[in-house]
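Quick one: this structure, given as structure tokens, is what I'll be asking you about.
Just so we're on the same page: letters track the sequence lines, and every chain starts at 1.
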Amino acid sequence: MIDNLKRISDTIWEIPVSYKQGMRVPARIYGTEKLIQELDDAVYDQVTNVATLPGITKYALCMPDGHFGYGFPIGGVAAMDVEAGGVISPGGIGFDINCGMRLMVTNLTYDQVKPYIKKLVDRLYERVPAGVGSTGFVKLSRNEFCKVVEEGAQWCIRNGYGWEEDLELVEENGCIQGADASKISEKAIDRGFNQIGTLGSGNHYLEIQVARPENIYDQELARSLGITIPNQVVVMFHCGSRGFGHQVATDYLQTFLKVMESKYGIKILDRELACAPFNSPEGQAYFAAMKCGINMSFANRQVILHQIREVFSEILGRSPENLGMHMIYDVAHNTAKLERHIIDSQERSLLVHRKGATRAFAPGMKDVPERYKNIGQPVIIGGSMETGSYLLVGVPSGEQTFFSTAHGSGRTMSRAKARKIYRGEKLKKEMESRGIYVRSTSYSGLAEEAGGAYKDIDDVIEAAELAGISKRVVKLTPIGNIKG
DNA sequence: ATGTAC
């Protein structure tokens with residue numbers, strides 16, 4: 001397939017509209033030659049299917065961590081012009097609505113934390129429920145849950161889960177406007193109301209990490225983001241909207257399949273790309289329901305953050321304030337958001353689908369928190385539990401991807417294949433011998449997340465930087481991990 | 001990702 005691609009630069013590859021009937025725009029895949037060679041052929045099929053969707057603007061994009069997903073590739077970005085019949089598609093957002101990353105610093109060094117790492121991880125494992133079907137300690141009535149999904153992390157702050165200062169460091173200040181609980185099903189409420197403060201399973205995790213001096217790529221940017229001492233300990237976690245978001249996506253996929261062709265005359269190449277015009281009753285209902293998923297996820301991460309502060313405080317015998325447990329940022333990587341972008345020197349309203357892709361706004365842009373205005377929006381990219389993760393910032397040349405970048409390493413093999421190759425018990429021991437203490441709800445789940453089942457995170461980040469869609473600041477390496 | 005299937 002690589003021979004059919006037009007090489008735009010070392011890290012940008014294009015599939016022309018002539019590739020497939022119905023493509024409205026070319027597809028562009030980001031990656032080094034090595035990453036492109038490793039890419040599953042199904043991704044080409046998926047990203048070119050996306051290029052046929054009504055209203056798609058400029059390109060159907062796939063980020064350097066791209067891999068096969070439901071309908072859209074994971075790593076997919078598609079911006080739909082809502083004034084030109086553009087659609088909204090759950091497959092372009094993901095079942096786990098507002099799956100995302102949160103990162104917090106401490107004022108502790110690796111040497112200070114090392115003696116406590118097992119205690120910390122064991123206690124975090126108790127206090128942050130993980131695994132399929134786990135429920136949280138926040139007891140809510142169904143009515144109160146409906147408030148949470150409309151108010152997001154702001155509800156949490158009012159109810160004592162976190163600090164006022166946290167909110168400005170969450171995308172959308174922790175509450176996206178326009179969430180409407182009357183647009184979600186009873187079934188979604190049933191699945192979600194006891195899931196606030198839970199990690200989930202699969203690739204969801206909570207990790208204690210170190211910013212080693214040799215892994216800081218830009219000293220000044222690192223300092224501006226709060227990485228100020230050598231071997232500073234930070235806490236990163238990855239989770240989403242649990243069964244709640246999953247149910248919202250399921251509900252509206254069904255709705256869209258019913259009306260898409262009969263009512264709106266939209267023909268698609270893959271049922272998994274079910275969609276509706278953004279400006280239609282069904283499209284608007286899903287948009288408002290999806291925003292409930294976004295807020296549920298912000299609330300989920302806010303409560304987990306609170307739990308982490310409590311655990312560190314308990315184990316280390318100091319208050320969270322005294323431990324300097326301030327947030328760096330919380331960023332979503334499964335959303336569709338209405339944004340203004342300049343297309344061919346004209347400002348347009350675009351619904352930007354980012355599915356396994358992170359918003360990466362440049363310095364000076366509206367919606368970048370005041371304290372990061374001059375350096376750009378922080379981007380948190382979770383690697384595998386063995387290899388490490390990255391903190392990056394958005395850059396002006398990110399305009400080419402509607403200011404989007406990668407979200408993780410990207411899998412290179414199926415979960416089933418990883419289970420055949422790796423053993424969870426052995427992996428746990430090996431990781432421990434390398435200084436990473438890990439707790440997991442399932443050994444098979446652990447095997448699925450082996451570092452070897454993922455692309456090389458360094459390659460992905462390098463590709464994103466060379467392509468000019470984000471700039472790396474620091475690589476963070478794990479010392480403790482709780483695996484969902 | 002997910003009460004891992006309606």
Does OP1 or OP2 of dG3(B) have a side-chain N or O of Gln247(A) closer than 4.0 Å?
no

Expressed in angstrom and rounded to an integer, what is the separation of Arg242(A) atom CZ from dT2(B) atom C1'?
8 Å

I need the NZ-P distance between Lys187(A) and dA5(B), as an integer number of Å.
14 Å

Check this for me: does any side-chain nitrogen of one of Asp458(A) and Lys475(A) sit under 4.0 Å from a carboxylate oxygen of the other?
yes

With a 4.0 Å cut-off on heavy atoms, is Glu448(A) in touch with a base, just the backbone sugar-phosphate, or nothing at all?
nothing

Which is more 5' along DNA chain B, the nucleotide nearest Gln254(A) or the one nearest His246(A)? Just name the residue.
His246(A)

Under a 4.0 Å N-O cut-off, is there an ion pair linking Arg411(A) with Glu449(A)?
yes

Measure the distance from OH on Tyr252(A) to C1' on dT2(B) and round it to the nearest whole Å.
19 Å

Could you tell me whether Gly202(A) contacts a base, only the sugar-phosphate backbone, or nothing, with contacts defined as non-hydrogen atoms closer than 4.0 Å?
sugar-phosphate

Check the phosphate of dT4(B) against Arg415(A), side-chain N and O only, distance under 4.0 Å to OP1 or OP2. Yes or no?
no

Could you tell me whether Gly243(A) contacts a base, only the sugar-phosphate backbone, or nothing, with contacts defined as non-hydrogen atoms closer than 4.0 Å?
sugar-phosphate

Determine the contact category for Lys355(A): base if any of its heavy atoms lies under 4.0 Å from a base atom, sugar-phosphate if only primed atoms, P, OP1 or OP2 are that close, otherwise nothing.
nothing

Does the side chain of Arg191(A) get closer than 4.0 angstrom to OP1 or OP2 of dT2(B) through an N or O atom?
no

So, Tyr205(A) versus Phe237(A), ring centres under 6.0 angstrom or not?
no

Could you tell me whether Arg359(A) sits above the aromatic face of Phe361(A), with NZ or CZ closer than 6.0 angstrom to the six-membered ring centre and within 45 degrees of the axis?
yes

Within less than 4.0 Å of OP1 or OP2 of dT4(B), is there a side-chain N or O belonging to Ser201(A)?
no

Once you round it to whole Å, what is the distance between P of dT2(B) and CG of Asn98(A)?
13 Å

